[in-house]
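All values below were derived from every heavy atom in this structure, side-chain atoms included, with hydrogens, water molecules and symmetry-related copies excluded.
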Amino acid sequence: MVGSYSAGSDQPKPVNVASVPHRSPFRYPGGKTWLVPCVRAWMHCIEPKPRVFVEPFAGGAIVGLTVAAERLADRVILAELDAAVAAVWKVILSGEAESLVRRILDFEVTRDNVLRVLRSKPQNEHELAFQTIVRNRMQRGGILARGASLVKCGENGRGLCSRWYPATLARRIRAIAEMRDRIEFFHIDAFAIIPQFARQKTAAVFIDPPYTAGGKHAGKRLYTHYVVDHQSLFAFAQRAACAVMMTYDESTEVLELARRFRLCVNRVPMKSTHHRVAFELVLTNRPWTLAPASSCTRTLFD
């Protein structure tokens, strides 16, 4: 069933991300906090309730963490290929989160200390996890890719300290660790895990790939692993027995792929880094009903 698409002017306001619980320890480029209300609505429309929720491009994993915290599925599976990001999830979900928490709480933020951590060669997963958290918090925009510069003025002129909230990070990490009995993490390529759920009718798969479709180049700048076979993702969504949601930047190429693979299309408002209202496309392989209060834009289906 193909969603009809309209870019009309009568659009709802973007979600106020301050109203959404922030559960991830990451500041992540392309993070999906603004999409959480839509994902909730989508999950509540899936019958029967999904037994497993899969986020194969986990990154900061705000969606998967929300599903686990609100028990929207019985089990959550996160997958991430980036070794640095994976190290954080492995440590937190292995029962050893407290060691990472202690290093964060004890860390004194000075330029020399930050550079020492970032220039070091981690000798184990714990050191890599801590380095990743420091890099994510100290580099501009939370960008983890090589070449990103350090925060300069930062928030309210606080420089490197402007995004370093040790008590908040500790609270989030401990909360995630408490949910580890219902979260599984795999350091694996998304394309190796996605097919495993194609025939599972009680699964829900949320796909948020690096944005390199439609001529977009942000993924190349923001992520270490940015080469993605987008057509294969669309083909998976079309044939899968499980419920699938994908999110993409608005572009002619993505809309054409959605039409070609007969996916439903919703246009969802969000605020960009520069506080401008922008729209992303939310694609699903089956129609669903949005809650009246949702900020998502419901499209019609033919």
For [X] and [Y], which heavy atoms make the closest approach, and how far apart are they?
X: P25; Y: I173; result: CB-CG1, 4.1 Å
X: T247; Y: E280; result: OG1-OE1, 3.1 Å
X: L100; Y: A129; result: CD1-C, 4.3 Å
X: F53; Y: G64; result: CE2-CA, 3.8 Å
X: H230; Y: P210; result: CE1-O, 3.5 Å
X: D82; Y: V85; result: OD1-N, 3.1 Å

Evaluate the side-chain proximity of [Y] to [X]: yes if any heavy-atom separation is below 4.5 Å, no if none is.
X: R40; Y: E70; answer: yes
X: I104; Y: I133; answer: yes
X: V52; Y: Q200; answer: yes
X: L169; Y: P166; answer: no
X: V244; Y: M246; answer: yes
X: N113; Y: V117; answer: no
X: F206; Y: P56; answer: no
X: L283; Y: I207; answer: no

Return yes if some donor-acceptor pair links the side-chain N/O of [X] with the main-chain N/O of [Y] below 3.5 Å, else return no.
X: R135; Y: L118; result: yes
X: N285; Y: R262; result: no
X: S24; Y: I62; result: no
X: R172; Y: H22; result: yes
X: H187; Y: L81; result: yes

When rounded to the nearest 0.5 angstrom, what is the spacing between [atom1] in [X] and [atom2] in [Y]?
X: R199; Y: R239; atom1: CZ; atom2: CZ; answer: 10.0 Å
X: W288; Y: C264; atom1: CH2; atom2: SG; answer: 10.0 Å
X: L263; Y: L257; atom1: CG; atom2: CG; answer: 9.0 Å
X: E80; Y: I188; atom1: CD; atom2: CD1; answer: 12.0 Å
X: T202; Y: K49; atom1: OG1; atom2: NZ; answer: 12.0 Å
X: Q139; Y: R27; atom1: CD; atom2: CZ; answer: 10.0 Å

### Criterion side-chain contact (heavy atoms from CB on, under 4.5 Å) on M245 and V205, from CA distance to verdict
CA-CA 6 Å; M245 173 181 280; V205 179; over 6 Å; no

### Intermediate values then yes/no, side-chain contact (heavy atoms from CB on, under 4.5 Å), R137 and Y165
CA-CA 9 Å; R137 290 280 155 178; Y165 305 118; 4.2 Å; yes

### Query
Is the distance between the ring centroids of W164 and F107 less than 6.0 Å?
yes

### Query
F186 and W89: aromatic ring centres closer than 6.0 Å?
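Aromatic pair excluded; centres sit 6.0 Å or further apart.
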
### Task
Please report the C-alpha distance between K121 and E127 in whole Å, then the side-chain angles of each, then the deciding distance to 0.1 Å, and finally whether the salt bridge (Lys or Arg N to Asp or Glu O under 4.0 Å) criterion is met.
CA-CA 9 Å; K121 293 184 179 180; E127 291 183 4; over 6 Å; no

### Query
Any ion pair linking E55 and K32 (charged N to carboxylate O, less than 4.0 Å)?
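So K32 does not pair with E55 through a salt bridge.
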
#### Entry: NZ/NE/NH1/NH2 to OD/OE distance under 4.0 Å, K90 and E96
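Here K90 does not pair with E96 in a salt bridge, since their nearest N and O are not under 4.0 Å apart.
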
### Query
Would the number of heavy atoms belonging to other residues, nucleotides or ligands and lying under 6.0 Å from CZ of R182 be above 12?
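It does: R182 CZ has more than 12 such atoms within range.
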
### Message
Other residues, nucleotides and ligands only: do more than 12 of their heavy atoms fall within 6.0 Å of NZ on K201?
### Response
no

### Task
Measure the acute angle between the ring planes of F234 and F261, then classify it against the limits of 30° and 60° as parallel, tilted or perpendicular.
tilted

### Task
Please report the C-alpha distance between V282 and Y248 in whole Å, then the side-chain angles of each, then the deciding distance to 0.1 Å, and finally whether the side-chain contact (heavy atoms from CB on, under 4.5 Å) criterion is met.
CA-CA 7 Å; V282 174; Y248 274 89; over 6 Å; no

### Hydrophobic cluster membership, I92 vs L128, 4.5 Å side-chain cutoff
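Unlinked, I92 and L128 end up in two clusters.
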
### Message
Is it true that Q238 and R260 share a donor-acceptor pair across their side chains at a distance under 3.5 Å?
### Response
no

### Task
May I have the step-by-step check of side-chain contact (heavy atoms from CB on, under 4.5 Å) for M138 and R163, ending in yes or no?
CA-CA 7 Å; M138 300 302 170; R163 296 292 184 180; over 6 Å; no

#### Entry: ring-ring contact (aromatic ring centres under 6.0 Å, His included) pairs, two or more places apart, involving residues 55-76
none

